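First the structure, in the form of structure tokens, and then the observations on it.
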Amino acid sequence: KGNKAGGFNSGLVNPADVVYDPEVNWTYELGFKTDLLGGRALFDATLFYSDLSGIQLFGFAETGTGSIITNGGDADAYGFEVALSGEIASGFNAAVGLAYANPRFKDGSLLNSSASVGQCRNIPACANRVVTVNGRTALDLGGLSLPRQSDWQATAQFDIEQPLTDRFDWTFRGNYKYQSKQFTTTPPTNVGWVGDRHTINLRAGLASEHWTVELFVDNLLDDGTPLNFGSGLNAANVTFPLTVVYGRRRAVGLETSLRF
């Protein structure tokens, strides 16, 4: 069981939006591990089910120009994780992993934010999500994917360290990460998304007992896929600027470290 604490929204907000409740997550797992190749490799597989309630989402204040946190209903997710790691040869280790999950809002999940509703009215693809429940306008999120969650993720990494001389070893390390597309947070109605993201990082260097020198390349493919984006509209029809969040682009450099 996991909990994300509730809290209070400040500023000019509807009295009904001042307080937001905790988000609760119950996760159930079934898995196994086994050694392979005489103990040189480890295989790990897990099936899981997660039940989330009171999901906290970003919305826009009905008055003023700020954002709020509100509870957007419940969700669940089914998925699996598999991983294989081991020693390919002396000083040469590698690992791969694959994970799938399909987090979706349950039927009846609502986002009670009139500003987000106003934003959605201007987008034909999500205008049909606008509903009225107990006299208050809301967005029906039932069946939609949770924002900022990838269905598929994959990883791979290797680590090589071999002697070069009596005093020095040469090292070569790398890792790869894949994330499938993610839907954006504002509005959380699956009308905006960022695409698949591929990241490769490499490092090569020399190491002795006390110091290490490494040449590195981060984000080798210079993947510029945004991490998230969004804009907003409050109840007064004031549009907030589009905000795009990017990750680190390709970086090349040299690092040294000294161990005492």
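Quick note: numbers below take in every heavy atom, side chains included, and nothing from hydrogens, waters or symmetry partners. Because the structure is predicted, anything quoted here is derived from the model rather than measured. The first residue of the sequence shown is numbered 1, and numbering continues consecutively from there.
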Donor-acceptor pair, side chain of Ser109 and main chain of Leu141, under 3.5 angstrom:
no

Ser150: side-chain hydrogen bond (donor to acceptor under 3.5 Å, both in side chains) partners, not counting sequence neighbours
Gln182

Non-neighbouring partners of Lys106 that pass salt bridge (Lys or Arg N to Asp or Glu O under 4.0 Å), sequence neighbours left out:
Asp51

Quick one: list whatever passes salt bridge (Lys or Arg N to Asp or Glu O under 4.0 Å) with Asp222, sequence neighbours left out.
Arg249

Do any N or O atoms from the side chain of Asn71 and from the backbone of Leu57 form a donor-acceptor pair under 3.5 angstrom?
no

With sequence neighbours left out, write down each residue that passes ring-ring contact (aromatic ring centres under 6.0 Å, His included) with Phe92, or none if nothing qualifies.
none

Those residues that, when tested against Asp44, pass salt bridge (Lys or Arg N to Asp or Glu O under 4.0 Å) (two or more places apart)
none

Could you tell me whether the side chain of Ile160 reaches within less than 4.5 Å of the side chain of Trp170, counting heavy atoms only?
yes

Salt bridge (charged side-chain N to carboxylate O under 4.0 Å, His left out) pairs, two or more places apart, involving residues 251-260:
Arg203-Glu255

Name each donor-acceptor pair under 3.5 Å that joins a side chain in residues 31-40 to protein atoms two or more places apart or in another chain, with its distance.
from  : atom 1 : to    : atom 2 : distance (Å)
Arg40 : NE     : Glu87 : O      : 3.4
Arg40 : NH2    : Glu87 : O      : 3.0
Arg40 : NH2    : Ile88 : O      : 2.7

Can you list the residues that meet the salt bridge (Lys or Arg N to Asp or Glu O under 4.0 Å) rule with Lys4, with sequence neighbours excluded?
Glu23

Restricting to pairs with a member in residues 151-168, which pass side chain to side chain donor-acceptor pair (under 3.5 Å), not counting sequence neighbours?
Arg104-Asp151

Side chain proximity check, Thr256 to Trp211, heavy atoms < 4.5 angstrom:
no

Less than 3.5 Å apart, any donor N or O on the side chain of Tyr178 or Asp196 sitting next to an acceptor on the other?
yes

Minimum heavy-atom distance Thr171-Ala207, with the two atoms named:
CG2-CB, 4.4 Å

Closest heavy-atom contact between Thr199 and Asn219?
CG2-CA, 4.3 Å

When every non-hydrogen atom of Leu146 is compared with those of Phe105, the smallest separation belongs to CD1-N, 3.8 Å

Under the rule for side-chain hydrogen bond (donor to acceptor under 3.5 Å, both in side chains), what residues qualify as partners of Asp107, not counting sequence neighbours?
none

Which residue pairs satisfy the salt bridge (charged side-chain N to carboxylate O under 4.0 Å, His left out) criterion with at least one member in residues 139-149, sequence neighbours excluded?
none

Rounded to the nearest 0.5 angstrom, the CH2-CZ distance for Trp193 and Phe183 is 6.5 Å

Kindly write out the residues that satisfy side-chain hydrogen bond (donor to acceptor under 3.5 Å, both in side chains) with Ser50, not counting sequence neighbours, or none if the list is empty.
Thr27

